[in-house]
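Right, one structure below, let's go through it.
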Amino acid sequence: MRQAQKPLKKRCLGRMVQRSMVVQRRRERREPAPVVPANFKSFLLTSRQYRSKQLPQPTNPKTIYPPIHTSMYKLFNEHETERLRLLSAHAAELDRLVISFEEELVRAHQKTARKNQPPLSVCAFLLERIMPHMDMDDIRLGTREEGLAEDDQEAVSQCPPSKEDSSGLDPRLLASFVQDVWDKYTELRTCVLTRQGHECEALWLLQLEQWKDRLQELGFSAAASREALIAHVPMVTSINSSSEED
């Protein structure tokens, strides 16, 4: 009778060791807590202070100096509408670029947090699928009367201890991810600002030629000075000058 219970006891002990290891693996594989950059509250994602919502109001042609002739008010208003439309498009494009950059920064922090988690092996996954369906009657039968011996208890206690949950990130790994994101953003931002500058210059040249043609039709071309032309046909430059990164 004594010899018949030994295989059962060893089998129960093995299952208990496996179960304790599964529990510890589950503790080690906890989902990483959300990690965000230190200045996340000042991001455009959270503050929502979009440039596209802070556009200037249309300029009244009566407030322009040198004064504009009343017959040029209509053309000035048309040009002002085109300038504001281009300004709004540029502001929205820069907002999308900054938001994508901030999202990449958040992903870099999350990626670094996931790197600290232990990998999930196929054997561990299969063992977790089997353990919930194992019959506990054999374990109760083997440990109810005789219990575990001292050496068996030591075998159970020798399971690898669970790692403590740490919210710290690897600074080198994080710096590498952030530097990659920053290099990509800087390159894209330079290309976007260069193209927007060309679009502003092209619109200004087009409106300047239209303004000169209208002045020539009305017979005012001789009285138009360069300073007056620059004041009456301004260039859209506010987005490029105010798009500095925080």
With a 4.5 Å limit on heavy-atom distance, are the side chains of [X] and [Y] in contact?
X: L94; Y: L193; value: yes
X: R51; Y: V98; value: yes
X: H109; Y: P37; value: yes
X: M72; Y: L218; value: yes
X: P56; Y: L87; value: yes

Can you name the side chain to side chain donor-acceptor pair (under 3.5 Å) partners of [X], sequence neighbours left out?
X: S71; answer: H69
X: D183; answer: Q179
X: E104; answer: R107
X: S52; answer: D95

Worksheet item: Is a side-chain N or O of T112 found less than 3.5 angstrom from the main chain of A108, in a donor-acceptor match?
Response: yes
Worksheet item: What about L84 and L206, same hydrophobic cluster or not, with Ile/Leu/Val/Met/Phe/Trp/Tyr joined at side-chain heavy-atom distances under 4.5 Å?
Response: no
Worksheet item: Which atoms form the tightest heavy-atom contact between S47 and S42, and what is the distance?
Response: OG-O, 4.1 Å
Worksheet item: So which heavy atom on T194 is nearest to which on T190, and how close?
Response: OG1-O, 2.7 Å
Worksheet item: Looking just at side-chain N and O atoms, do Q196 and E93 make a donor-acceptor pair shorter than 3.5 Å?
Response: yes
Discussion item. Taking side chain to side chain contact (heavy atoms under 4.5 Å, CB included) as the definition, give me every residue that meets it alongside S88, ordered by chain and number, with sequence neighbours left out.
Written reply: L55
Response to the item:
Sorted by chain and number, sequence neighbours left out, side chain to side chain contact (heavy atoms under 4.5 Å, CB included) with L208 holds for W204, K212, L229, V233
Discussion item. Surrounding CD of Q57 (heavy atoms of other residues, nucleotides or ligands, distance under 6.0 Å), is the total greater than 12?
Written reply: no
Worksheet item: Looking at CD of E103 and CG of L44, how far apart are the two atoms once the value is rounded to the nearest 0.5 Å?
Response: 10.5 Å
Worksheet item: Can you tell me how far the CD atom of E102 sits from the OG1 atom of T46, to the nearest 0.5 Å?
Response: 7.0 Å
Run the side-chain donor-acceptor check on residues 75-82: report pairs under 3.5 Å with partners two or more places apart or on a different chain.
{"unit_1": "N77", "atom_1": "ND2", "unit_2": "Y73", "atom_2": "O", "d": "3.2"}
{"unit_1": "H79", "atom_1": "NE2", "unit_2": "Q210", "atom_2": "OE1", "d": "2.9"}
{"unit_1": "E80", "atom_1": "OE1", "unit_2": "R83", "atom_2": "NE", "d": "3.2"}
{"unit_1": "E80", "atom_1": "OE1", "unit_2": "R83", "atom_2": "NH2", "d": "2.8"}
{"unit_1": "E80", "atom_1": "OE2", "unit_2": "T59", "atom_2": "N", "d": "3.3"}
{"unit_1": "E80", "atom_1": "OE2", "unit_2": "T59", "atom_2": "OG1", "d": "3.3"}
{"unit_1": "T81", "atom_1": "OG1", "unit_2": "N77", "atom_2": "O", "d": "2.9"}
{"unit_1": "E82", "atom_1": "OE1", "unit_2": "Q207", "atom_2": "NE2", "d": "3.2"}

Discussion item. So, using salt bridge (charged side-chain N to carboxylate O under 4.0 Å, His left out) as the criterion, who are the partners of E199 when residues are at least two apart?
Written reply: R195
Worksheet entry | Any residue meeting salt bridge (charged side-chain N to carboxylate O under 4.0 Å, His left out) with E187, in chain and number order, not counting sequence neighbours | none
Item to complete: Taking ring pair (Phe, Tyr, Trp, His ring centres under 6.0 Å) as the test, write out the residues that go with W211, two or more places apart.
Response: H232
Item to complete: Name all pairs fulfilling the ring pair (Phe, Tyr, Trp, His ring centres under 6.0 Å) condition that reach into residues 37-59, sequence neighbours left out, sorted by first residue then second.
Response: F40-F43
Worksheet item: Can you pull the salt bridge (Lys or Arg N to Asp or Glu O under 4.0 Å) pairs that have at least one residue in residues 63-72, sequence neighbours excluded?
Response: none
